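As the structure is a prediction and not an experimental result, all values here were calculated from the model.
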Amino acid sequence: MPSQRSSKIIPRIVRTAAVLWFVAAPALFVYCAAFAAPQADPSLWGLGCYVLGLILWCASAYWTYHRIFKALEARWPRARIVREVLNVVWYSILYGSQGGHSS
């Protein structure tokens with residue numbers, strides 16, 4: 001019985017941590033940047049933590065986006081169309097400048 005309970009609690013903790021990081025990380029980055037700005041040369045350790053936090057934030061944002069659309073598609077089948085449109089928009093934002101246009 002305890003293994004069933006712990007198997008339900010761990011995903012809930014992971015979901016909660018991902019959503020909290022998604023919401024709190026931008027404010028934390030702004031707060032840390034305000035204190036790091038007066039320093040003449042930032043440390044490599046601080047930069048590494050900032051980059052790692054940014055990567056974790058992007059992963060939690062994608063994970064949250066994916067979970068929301070999975071729940072929407074289960075209740076509203078046309079959410080798949082909205083997701084496909086958003087995927088095209090995101091792809092064009094990320095890779096639009098690398099298109100095959102000639103100059």
Side-chain angles (χ1 to χ4, degrees):
M1 202 74 169
S3 66
Q4 284 183 336
R5 183 174 182 172
S6 66
S7 68
K8 290 181 181 179
I9 290 175
I10 291 173
R12 184 177 294 173
I13 291 171
V14 170
R15 280 194 305 263
T16 304
V19 171
L20 283 175
W21 182 252
F22 174 69
V23 172
L28 182 65
F29 290 154
V30 169
Y31 180 75
C32 290
F35 287 109
Q39 294 180 353
D41 70 30
S43 68
L44 188 59
W45 176 255
L47 183 63
C49 289
Y50 187 80
V51 169
L52 179 64
L54 188 61
I55 290 170
L56 288 175
W57 183 83
C58 289
S60 68
Y62 175 76
W63 185 79
T64 305
Y65 162 81
H66 179 70
R67 295 288 294 187
I68 288 171
F69 270 98
K70 275 192 104 158
L72 280 175
E73 287 172 4
R75 290 178 175 82
W76 186 47
R78 292 191 182 215
R80 180 170 299 211
I81 297 168
V82 173
R83 187 175 193 173
E84 290 173 1
V85 168
L86 285 176
N87 284 342
V88 170
V89 169
W90 284 118
Y91 186 82
S92 67
I93 288 172
L94 292 174
Y95 303 109
S97 62
Q98 298 175 1
H101 68 290
S102 60
S103 26

In residues 51-64, what donor-acceptor pairs under 3.5 Å come from side-chain atoms, sequence neighbours left out?
residue	atom	partner	partner atom	Å
Trp57	NE1	Phe22	O	2.9
Ser60	OG	Leu56	O	3.4
Ser60	OG	Trp57	O	2.9
Thr64	OG1	Ser60	O	2.7

For residues 78-85, tabulate all N or O donor-acceptor pairs below 3.5 Å that involve a side-chain atom, not counting sequence neighbours.
residue	atom	partner	partner atom	Å
Arg83	NH2	His66	ND1	2.7

Please answer: with hydrophobic residues joined when any side-chain heavy atoms are less than 4.5 Å apart, are Leu20 and Ile13 in the same cluster?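 Each belongs to a different hydrophobic cluster.
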Scan for salt bridge (charged side-chain N to carboxylate O under 4.0 Å, His left out) pairs involving residues 26-35, sequence neighbours excluded, and state none if there are none.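 Found none.
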Could you work out, with side chain to side chain donor-acceptor pair (under 3.5 Å) as the rule, every residue matching Tyr65, not counting sequence neighbours?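 Testing Tyr65 for side chain to side chain donor-acceptor pair (under 3.5 Å), a comparison that skips the adjacent residues, returns Asn87.
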